[in-house]
Amino acid sequence: MSIAENLDKIRNNIDTIKKEKGLDYDITLIAVSKTVDEEKVLEAYEHGQHDFGENKVQELTKKESSLNNLEDINFHMIGYLQSNKVKYLVNTAKLIHSLDRKSLIKEMEKRGKSEDFIFNCLIQVNLAKEESKSGIYLEDLEELLTLIEGSKYIRVKGLMMIAPFYEDAEDVRPLFRQMKELFDELKVRDFKNIEMKYLSMGMSHDYKVAVEEGSNMVRIGTDIFGKRVYV
Ligand SMILES: *Cc1c(COP(=O)(O)O)cnc(C)c1O
């Protein structure tokens, strides 16, 4: 199937779930374009896809600089972020999904000040405590929130999770549900610099379950661009 057909299929699936569940909010589809060449990104763009996700800073900035002439195209940083790469995300990343530790806050404050730039971020939560994955553990979240409340150059727009991989995506439903509960709990609190607008969870394998459980931002690569080829 073509990229356009794949996008149509995913949009239809999401619309169907929205109808079934009576969900009345927008769900943002992020096309994860890591390893995918610019021609294919363009193909998706021409089929109305404007949000793209990258997991490497270098790849993000490269694509952003060659495609930023396109109207309303957004690049999301969804992968692990090294502190020394934060500076490259100034004016290039629309949203950073992987804010997960104090050292990143420190670096964003420093770069934000020198470049007069506000970083829009999601806090990545490692709810399942998988050692192989980044993301903050739940018990460390409050401390991070407090630091962000005191920051000048960071605005948190919600939460992100990379769910563990289970053969049967149904098995991850309880975790999605728990994330939604956390999202809703934080939403009603009165924070400075922090709002709960986006809940970024769900990938090719499990996005339907994620949307059913309240995700409003899904990050899909394989189901749009096909299996990734790493060289
Ligand atoms: C690669 C990646 C995705 C997309 O994964 P697919 O299984 O190809 O849909 C989503 N989120 C993150 C953080 C990723 O690194």
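Everything numeric in this text was worked out from a predicted model, so none of it was measured. All heavy atoms count here, side chains included; hydrogens, waters and symmetry mates do not. Read the numbers this way: they start at 1 and go in the same order the structure lists the ligands and their atoms.
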Salt bridge check, [Y] against [X]: does any charged N sit closer than 4.0 Å to a carboxylate O?
{"X": "Glu213", "Y": "Arg177", "value": "yes"}
{"X": "Glu139", "Y": "Lys129", "value": "yes"}
{"X": "Glu107", "Y": "Arg111", "value": "yes"}

For the residue pair Ser66 and Glu38, confirm or rule out a side-chain donor-acceptor distance under 3.5 Å.
yes
Among side-chain atoms of Tyr166 and Asp206, is any donor-acceptor pair under 3.5 angstrom?
no
At a non-hydrogen distance cut-off of under 4.0 Å, which region of Lys34 contacts ligand 1 (side chain, backbone, both, or neither)?
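For Lys34, only side-chain atoms sit under 4.0 Å from ligand 1.
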Test of understanding: given a 4.0 Å heavy-atom threshold, classify the contact between Val32 and ligand 1 as side chain, backbone, both, or neither.
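The answer is the side chain.
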If you have a sec, work out which protein heavy atom is nearest [atom] and how many Å separate them, to one decimal?
{"atom": "atom 11 (N) of ligand 1", "result": "Arg219 NE, 2.9 Å"}
{"atom": "atom 13 (C) of ligand 1", "result": "Ile78 O, 3.4 Å"}
{"atom": "atom 8 (O) of ligand 1", "result": "Thr222 OG1, 2.5 Å"}
{"atom": "atom 5 (O) of ligand 1", "result": "Met203 CE, 3.5 Å"}

Minimum heavy-atom separation for Tyr153 and Lys113, please, with both atom names.
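Nearest pair, atom of Tyr153 first, then Lys113: CZ-CA, 3.5 Å.
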Treating Asn55 as the side-chain partner and Tyr80 as the backbone partner, does any N or O pair qualify as donor plus acceptor under 3.5 Å?
no
Using distance alone, decide if ligand 1 has a nitrogen or oxygen within less than 3.5 Å of any nitrogen or oxygen in [X].
{"X": "Ile220", "answer": "no"}
{"X": "Arg228", "answer": "yes"}
{"X": "Asp223", "answer": "no"}

Step-by-step ring-ring contact (aromatic ring centres under 6.0 Å, His included) determination, Tyr45 to His50
CA-CA 6 Å; Tyr45 177 85; His50 286 194; 4.5 Å; yes
Under 4.0 Å from a heavy atom of Gly221: give me the atoms of ligand 1 that qualify, with their elements.
4 (C), 6 (P), 8 (O), 9 (O)
Per atom 9 (O) of ligand 1, closest listed option by heavy atom (Ser200, Ser204, Gly226, Ser33):
Ser204
